[in-house]
Structures are given as C-alpha cells and as structure tokens.
**Student:** 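Here's a structure for you.
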Protein chains: 2
Amino acid sequence: MPHPLSAGPILSGLTKNQALVLDTIVMAHKPIGAYEILGKLKPRGIKSPVQIYRAVNSLIQCGIVHKVESINAFVRCTHGHPHHGQTTILAICDGCGAVVEHHDDTVDRRLEAWARQEAFEVETVAIELKMRCARCSGLASLATTKTQV
Amino acid sequence: MPHPLSAGPILSGLTKNQALVLDTIVMAHKPIGAYEILGKLKPRGIKSPVQIYRAVNSLIQCGIVHKVESINAFVRCTHGHPHHGQTTILAICDGCGAVVEHHDDTVDRRLEAWARQEAFEVETVAIELKMRCARCSGLASLATTKTQV
DNA sequence: ATTGGGTACGTTATGTTATTACGTTGGTCA
DNA sequence: TGACCAACGTAATAACATAACGTACCCAAT
C-alpha cells in the first residue's frame with residue numbers, strides 16, 4: 001500500500017520514490033531504462049538500481065506504467081480509463097522512440113480462444129511492435145536530421 | 001551468409017557455431033538463455049558470450065529460432081512451413097517452460113489495420129503469453145512434484 | 001502504551017544479459 | 001595474387017536485474 005503522507009508531483013497516493021520515478025518516465029516522452037532513470041534521479045537522492053526497480057514494479061502493478069520487454073524500458077500508460085483486463089498493445093518507433101498504445105478486443109478474443117483450445121491459463125500477454133513512425137519513415141531518405149533514440 | 005562447407009548436426013547450410021547453438025536450443029526442449037547455451041557448449045570449444053549471440057542472431061534471421069523477449073531466452077521455431085510474413089505468437093508456461101507456437105491471420109490483420117490507421121511501418125511484431133499449461137495448472141494444488149524451470 | 005505485522009526504504013554486493021572493439025582466418029572472385 | 005567479405009576468437013566492459021540484510025514508519029490488536 002502507498003505511503004499515506006506522500007503526494008507526488010503527478011499523482012497522489014504514490015510514495016516519494018514512486019512519484020519521482022513516474023515523473024521521470026513521464027518527462028522522457030519515450031521509453032526509458034531503469035539506469036537512465038537512476039541517472040536522472042541521483043541528484044534527487046536516489047542512489048541505487050534497486051530503488052528504481054522497486055518503484056517501477058509498483059507502478060506497473062498499479063497499471064500506470066508499462067514495461068517494454070523488447071527494449072527493457074518503461075513507459076507511461078497512455079490509455080485513459082482503467083483497463084478491464086485488456087491487453088496492452090505497444091508500437092515503438094526505432095527512430096525516435098515514440099510509443100503508440102492500443103487495445104483490441106478482437107485480438108484479445110482470438111488469444112483467449114486459442115488458450116481455451118490449448119487448455120492453458122493465460123497469466124499475462126505482451127504485444128509489442130517495432131515500427132518506423134510516419135515522420136521517421138518519411139525522413140528515411142534524408143540525412144539524420146532528427147534526434148535518434 | 002552461411003559457411004559453404006559446414007553441415008551441422010541438425011540442418012545443413014549452417015556454420016559450425018550456428019549448428020552447435022541450434023543443436024543446444026533444440027535439445028533443451030524449452031527456452032534457453034544465451035549463458036546457459038554457453039555453459040553447455042564450453043566443452044565443445046565455445047568460450048565467450050559473443051559467439052553465442054552471433055549464432056542466435058543468425059538463426060533468428062533465418063527464422064529457425066525465436067527470441068522470447070519476456071524471458072531473454074531462445075527457442076526453436078516449431079512452425080512447420082516457412083512463415084509468410086506471419087507473426088509468431090508464443091505461449092510459455094511458467095511452471096515447466098513448455099512453449100506453444102501459434103499464428104493467427106485475424107490478429108495479423110487487426111495489427112496491420114491499426115498500423116495503417118496510425119500511419120506507421122511495422123518492422124517486427126512480438127506476441128508473447130505467459131501461462132500455466134494444463135499439466136502445471138492441474139498440479140497447482142499438489143506439492144512441487146515436477147521439475148520446474 | 002506496548003507489541004507485532006506489514007510496507008517502503010537504504011545500502012552493499014552480486015548475478016545475469018548483451019555489446020564493443022579489434023585482430024585473425026579462410027573462402028570467393030576479379 | 002590480392003582485395004574483399006563473412007565468420008570467428010578473445011578480452012573487456014556495458015547494461016539490466018536481484019539477493020540479502022537491516023531500518024523507519026504506520027497501523028491495529030492487545
């Protein structure tokens with residue numbers, strides 16, 4: 001349970017460390033790794049990776065943050081209302097790190113149907129696409145004029 | 001490109017290291033990490049992680065092996081015929097490491113439609129489920145009688 | 001008010017996964 | 001033959017993640 005006194009810069013109900021980490025993830029505007037978060041929070045008193053991992057794990061459990069498995073990084077959930085058991089689909093641009101989040105009930109149903117057929121119990125689902133966003137694929141022929149990940 | 005002379009224990013057209021690594025992955029019957037592969041191949045002259053990573057990357061490019069992103073491990077592709085641009089869906093049992101591979105055109109179409117709508121170019125797609133297989137979830141109430149991952 | 005449980009925290013150390021950098025080998029082909 | 005290219009070998013290091021310990025604090029039951 002959250003520390004009752006803390007009220008983070010973004011959301012209340014988070015502990016101090018959770019709020020710091022969430023804030024850093026939000027500010028990044030793209031997936032950010034644990035050690036990069038650590039680097040940014042050292043000036044604010046965070047000293048070790050464990051502290052980051054503890055906080056992101058809480059945030060993930062709350063559903064506020066997603067882990068991008070394919071790049072070992074974390075990103076703010078941009079899905080407005082709470083997920084009702086829906087699978088999060090993430091597309092990440094190789095070029096600029098932009099992330100688009102999506103949900104698709106049809107996909108969820110297809111996966112559930114498959115699970116029933118194979119008689120296994122689904123615990124978690126991760127769907128991740130690597131892509132070039134419109135801007136980055138449009139710029140493909142030009143020199144590298146924009147910031148890369 | 002493959003080394004022209006080598007013919008591995010499993011498939012021809014692979015280099016010696018690729019064949020060794022593939023063989024180890026196949027023998028494992030479940031996802032196996034790079035360092036575990038390394039451990040098994042040390043007696044056969046492989047000395048460093050790079051050699052493993054080079055080989056698995058080639059095998060992945062050939063489509064012979066999949067990387068399971070969510071657990072940083074590698075598994076033999078069990079899809080019979082060559083994939084026609086299909087997305088691989090993997091379900092991995094937490095209990096015993098069993099893997100089931102699947103493909104679903106409907107899911108592929110939904111993701112493609114989404115990509116079109118958002119105007120990005122898909123490069124790769126990873127769909128991974130963590131699950132308990134029928135055997136492991138049936139055994140849930142019993143003591144740990146079977147080998148765990 | 002004391003005590004015991006639970007949660008987050010801090011710190012150190014270590015374990016695990018992956019890549020960079022650089023030089024060598026051996027086959028291909030003009 | 002010699003330029004090229006792909007795979008290989010080796011050492012070092014980077015990047016990601018957890019274990020194991022003890023402390024601080026709130027809360028609820030005694």
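Just so it is clear: chains get the letters A, B, ... in the order the sequence lines come, proteins before strands, and each one is counted from 1.
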**Student:** Name the residue closer to the 5' end of DNA chain D, choosing between S58(B) and R54(A) according to the nucleotide with the nearest heavy atom.
**Tutor:**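 Nearer the 5' end of the strand: S58(B).
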**Student:** What pairs with S48(B) under side-chain contact (heavy atoms from CB on, under 4.5 Å), at least two apart in sequence or on another chain?
**Tutor:**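 With sequence neighbours excluded, S48(B) shows a side-chain contact (heavy atoms from CB on, under 4.5 Å) to V50(B), Q51(B), given in chain and number order.
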**Student:** Give the rounded distance in Å between these two atoms: CG of L41(B) and C1' of dG9(D).
**Tutor:**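 From L41(B) CG to dG9(D) C1': 15 Å.
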**Student:** Across nucleotides 12-18 of chain C, 5' to 3', mark each nucleotide with B, S or - according to how protein heavy atoms within less than 4.0 Å reach it.
**Tutor:** B----BB
**Student:** Could you check H102(A) against E118(B) for side chain to side chain donor-acceptor pair (under 3.5 Å), going step by step and ending with a plain yes or no?
**Tutor:** CA-CA 10 Å; H102(A) 183 57; E118(B) 296 280 341; 5.8 Å; no
**Student:** From CD1 of I52(A) over to P of dC16(D), roughly how many Å is that when rounded to an integer?
**Tutor:**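 To the nearest whole Å, that distance equals 13 Å.
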**Student:** Among D23(A), L22(A), V21(A), which residue meets the side-chain contact (heavy atoms from CB on, under 4.5 Å) test with I37(A)?
**Tutor:**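 By the side-chain contact (heavy atoms from CB on, under 4.5 Å) criterion, I37(A) pairs with just one of D23(A), L22(A), V21(A): V21(A).
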**Student:** Report yes or no: does E128(A) contribute a side-chain atom to a donor-acceptor pair with the main-chain N or O of S70(A) at less than 3.5 Å?
**Tutor:**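 Yes, E128(A) side chain to S70(A) backbone: donor-acceptor pair under 3.5 Å.
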**Student:** Does OP1 or OP2 of dC9(C) have a side-chain N or O of T15(A) closer than 4.0 Å?
**Tutor:**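 Answer yes for this pair, as a side-chain N or O of T15(A) is under 4.0 Å from OP1 or OP2.
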**Student:** Rounding to an integer number of Å, can you tell me how far N57(A) CG sits from dA19(D) P?
**Tutor:**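 Computing the N57(A):CG to dA19(D):P distance gives 11 Å.
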**Student:** Do side-chain atoms of H103(B) reach the backbone of T87(B) as a donor and acceptor pair under 3.5 angstrom?
**Tutor:**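 Judged by distance alone, yes, a pair lies under 3.5 Å.
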**Student:** Tell me the interatomic distance from Q51(B), atom CD, to dT25(C), atom P, rounded to whole angstroms.
**Tutor:**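 Value for this atom pair: 15 Å.
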